[in-house]
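To start, the structure itself, in structure tokens.
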Amino acid sequence: MHLLNLGILAHVDAGKTSLTERLLHSAGVIDEIGSVDAGSTRTDTLALERRRGITIKAAVVSFPLDDVTVNLIDTPGHPDFIAEVERALGVLDGAVLVVSAVEGVQAQTRVLMRTLRRLRIPTLIFVNKIDRRGARETEVLRAISDRLTPAIVPMATTTGLGTPDARVVPGLSPAALDVLADQDDDLLAAYLEDDDLLAAYLEGEIADARLHTTLVARTRQALVHPVYFGSAITGAGVDALLNGVKELLPPADGDPEGPVSGTVFKVERGPAGEKIAYARMFSGTLRVRDRIPFGQDGGGPGARPEGRVTAISVFGDGTDTLSDAVPAGRIARLWGLGDVRIGDALGEPRKHHEHFFAPPTLETVVVPAPGVDQGALHLALTQLAEQDPLIGLRHDEVRRETSVSLYGEVQKEVVQATLAEEYGLDVAFRATTPLCIERPAGTGAAVEYNKKDQNPFLATVGLRVDPAPVGSGIGFRLEVELGSMPYAFFKAVEDTVRETLGQGLHGWQVTDCTVTMTHCGYSPRQSHAHQGFDKSMSSTGADFRGLTPLVLVEALRRAGTVVHEPMHRFRIEAPADTLGALLPLLAALGAIPESTDTHADLCILHGTVPAAHVHTLEQRLPAPTRGEGELETAFAHYSPVTHGPPPNRPRTDHNPLNRKEYLLNVTRRVGG
């Protein structure tokens, strides 16, 4: 039996979860179709999802489709939960991108399609809601071609559009040959050389086996995207979509006899608080009681933790059932891996991939209500971060505060509701602020020598900080001989450098730099006669971990840093006669229009806006555009802060910027 791991993706409210319900009903998995509005859908299991009518967490459900077992992954549509979508993309064999026939191509639709194409994930497009008033066919197809991809093949036309009696008429249009011929020279030559085929094409009849073969091949290569029409509510067109899923998308592959390799894409807590890992197996067979290494990368023998799998449940036939093993291609739930995290590789790591979407660009401070236990809040936030690793936590022990990084305001509301409903913790939040970064302005170097001046550590450390290309992250290099001191000391310096760069001169993460170790030295192991190791006379890793922050921040001081704020690119479509009222709003929010195009009575503006003002722009856009303005935003880049003094972020470390304070905290002495 073939397997297919299928993702359902869409802009929020395009009908993605309703389509999932219809697919399960058509496959005979459920007897009654659940309702998003009534909170009775199969995949929205969280109480918060049912109440708000949106998908927050990716959910897996299985159904049989003739000789294919489909593991369907329903993903969130709201951009605030894009991290949940990102994790699902890494385990898919194919996808269905849902577009509303009424609203058409929306902001998140474009973000998702760009990512699907970049990852070469075979994708079918389903135009939903053809029964709704205002549904369009020609206009939506044109928008898909213009704004998503021109390589589309409509698989049907519609009748009764915009009414409850809307139906789908299967059949390729003659334009399909044009699209497929662009991808297959042999196909075009076959039609040009066969008069009967060419005549049939010119008369609109192209039911040809060769054409279908090419369609299957190019769809599986993610070079073309078949477009289906239908309604999740009435069921129109859904059977045709299911047929397309079965015939056009590639089955899962992987050798069950090969080395064990899988990826964890979701982690949840069971009733007893135990961790349950959702994993896709790409190779080999994982069995109950197997010991399996897991983690982000290899790092050498013994570098990754190991855990023993205590139970496995495999998805299939509408549910997940306990099993002794999970082979390549399948998705399973795993128990026993207590320290597992989302994104961990199981067994042999696969090729590492970068994040598909931008990281969070906003931050807020959690404010517990009077009487809330700080320890319980810390534990709850830590467990939430386990389920969403892109949502970072930052603890300030001095102020007893915790900051949470976010994608948007809706996500903040969900975190607040989750803490209240699942953990019984009442919290509020401070105003959301942008999450900035720092980059070196130039080159700076510093060195402190063992047993000289006011260095209280038995270590010599010299570091140079140089700017690096944008997007390169943090590099660490050596200009000293690797054998000049124990490797553990070099490792202590590198690890501490990366940790210290989490807070630069202004408190923000320092990135896009190269740190070079220019000097090193240590006191060899000493011992008294007939006694053991004398720590007071011998260097340890703690000496290098203690000294490195002082040297690094001094090098940063000499290099200088520039604070950069996150910027989003925007696309606004609005009535042309509202442009005069729209431009002052953009100027007030620090937005910079870069181009303006006018089409008939519409104007389209492209530009950039500070991430801190995106939510305000969303709120204020309806007023000057008479409610007709459409906004699309996405992270673009980080830009130097030029308006006013650079923002500072409170430090949460021992503050190596203040030597006296740092040494008192770390060594309980000022120096010498």
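Residues: numbered from 1 along the sequence shown.
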Can you tell me how far CG of L89 sits from CG of L9, rounded to the nearest 0.5 angstrom? 6.0 Å
Set of salt bridge (Lys or Arg N to Asp or Glu O under 4.0 Å) partners for R394, sequence neighbours left out: none
Would you say C436 and P647 make side-chain contact, with heavy atoms under 4.5 Å? yes
Once ring pair (Phe, Tyr, Trp, His ring centres under 6.0 Å) is applied, do any residues pair with H564, and if so which ones, sequence neighbours excluded? none
For L425 and A380, the nearest pair of non-hydrogen atoms, with its separation, is CD1-CB, 3.8 Å
Whether S261 side chain and E348 backbone form a donor-acceptor pair below 3.5 Å: yes
Working to the nearest 0.5 Å, report the span between OG1 of T418 and CD of Q383. 12.5 Å
Are side-chain heavy atoms of V91 and N5 found at a separation under 4.5 Å? no
Side-chain contact test, heavy atoms from C-beta onward, threshold under 4.5 Å: evaluate it for H395 versus T652 and give yes or no. no
Which value, rounded to the nearest 0.5 Å, describes the distance between T608 atom OG1 and H568 atom NE2? 11.0 Å
CA sep, side-chain torsions, deciding dist, call: V427, V415, side chain to side chain contact (heavy atoms under 4.5 Å, CB included): CA-CA 9 Å; V427 303; V415 171; over 6 Å; no
Does the side chain to side chain contact (heavy atoms under 4.5 Å, CB included) test come out yes or no for T115 and I121, once each step is laid out? CA-CA 9 Å; T115 307; I121 296 176; over 6 Å; no
Go through the steps to decide whether E422 and R269 satisfy the test salt bridge (Lys or Arg N to Asp or Glu O under 4.0 Å), and finish with yes or no. CA-CA 11 Å; E422 296 187 15; R269 294 269 177 176; over 6 Å; no
With a sphere of 6.0 Å drawn around CD of E499, does it hold more than 12 non-hydrogen atoms of other residues, nucleotides or ligands? no
NE2-CD distance between H613 and E618, expressed to the nearest 0.5 angstrom: 13.0 Å
Determine whether more than 12 heavy atoms belonging to other residues, nucleotides or ligands lie under 6.0 Å from atom CZ of R114. yes
Residues in salt bridge (Lys or Arg N to Asp or Glu O under 4.0 Å) with E632, at least two apart? R110, R147
Which residues satisfy the ring pair (Phe, Tyr, Trp, His ring centres under 6.0 Å) test with Y278, sequence neighbours excluded? none
Which residues pass the salt bridge (Lys or Arg N to Asp or Glu O under 4.0 Å) test with R557, not counting sequence neighbours? E554
Nearest non-hydrogen partners of H506 and P646, listed with the distance: CE1-CG, 3.6 Å
Please tabulate, for side-chain N and O atoms in residues 483-493, each donor-acceptor pair with protein atoms closer than 3.5 Å (sequence neighbours left out).
from	atom 1	to	atom 2	distance (Å)
S484	OG	E481	O	2.5
K491	NZ	D495	OD1	2.9
K491	NZ	D495	OD2	2.9

Does the K275 side chain pair with the main chain of V340, one donor and one acceptor, at a distance under 3.5 Å? yes
Taking every heavy atom of G521 against every heavy atom of F544, the minimum-distance pair comes out as O-CZ, 3.3 Å
Within a radius of less than 6.0 Å around CG of N648, do more than 12 heavy atoms belonging to other residues, nucleotides or ligands occur? yes
Determine whether D543 and Y522 make a side-chain contact, defined as any pair of heavy atoms from C-beta on separated by less than 4.5 Å. no
Kindly indicate whether the side chain of L406, heavy atoms from C-beta on, has any atom under 4.5 Å from the side chain of F429. no
List the steps and the verdict of side chain to side chain contact (heavy atoms under 4.5 Å, CB included) for I73 and I331. CA-CA 10 Å; I73 304 177; I331 288 176; 3.9 Å; yes
Sole residue of L337, D344, I342, I276 in side-chain contact (heavy atoms from CB on, under 4.5 Å) with V267: I342
Residues V260, M281; criterion side chain to side chain contact (heavy atoms under 4.5 Å, CB included); working and verdict: CA-CA 8 Å; V260 173; M281 300 305 298; 3.7 Å; yes
Taking the side chain as everything from C-beta on, heavy atoms only, tell me whether L334 gets closer than 4.5 Å to L346. yes
So does N455 get a backbone contact from the side chain of Y449, meaning a donor-acceptor N/O pair under 3.5 Å? no
Applying side-chain hydrogen bond (donor to acceptor under 3.5 Å, both in side chains), which residue pairs with at least one partner in residues 282-294 are found, sequence neighbours left out? R291-E306
Are any side-chain N or O atoms of E438 and backbone N or O atoms of W508, one a donor and one an acceptor, separated by less than 3.5 Å? yes
Between E268 and R333 (salt bridge meaning N to carboxylate O under 4.0 Å), is one present in this structure? yes
Rounded to the nearest 0.5 Å, how far does CD of Q374 lie from CG of L377? 6.0 Å
Considering all heavy atoms of both residues, which atom of E363 and which atom of S403 are nearest to each other, and what is their separation? OE2-CB, 3.6 Å
With sequence neighbours excluded, tell me which residues meet ring pair (Phe, Tyr, Trp, His ring centres under 6.0 Å) with H654. none
Cut-off 3.5 Å, no hydrogens considered: what does the side-chain donor-acceptor table look like for residues 634-643, sequence neighbours left out?
from	atom 1	to	atom 2	distance (Å)
H643	NE2	E565	OE2	3.0

Separation between CG (L478) and OG1 (T516), nearest 0.5 Å, reads 8.5 Å
R308 meets the salt bridge (Lys or Arg N to Asp or Glu O under 4.0 Å) criterion, sequence neighbours left out, with none
For R280, does its backbone N or O pair with a side-chain atom of T263 as donor and acceptor, under 3.5 Å? no
Regarding R430 and E401, does a basic nitrogen lie under 4.0 Å from an acidic carboxylate oxygen? yes
Go through the structure and list residues passing ring pair (Phe, Tyr, Trp, His ring centres under 6.0 Å) with H606, not counting sequence neighbours. none
Show the nearest heavy-atom pair for residues P656 and R651, with the distance to one decimal. CD-NH2, 4.0 Å
Pairs under 3.5 angstrom only: tabulate donor-acceptor contacts from the side chains of residues 465-476 to other protein residues two or more places apart or in another chain.
from	atom 1	to	atom 2	distance (Å)
D466	OD1	T443	OG1	2.8
D466	OD2	R464	NE	3.0
S472	OG	P469	O	2.6

Quick one, T432 and H615 - any side-chain contact, counting heavy atoms below 4.5 Å? no
Would you indicate whether the side-chain heavy atoms of R659 and V553 approach each other to under 4.5 Å? no
Where do V497 and L463 come nearest, in terms of heavy atoms and distance? CG2-CD1, 4.1 Å
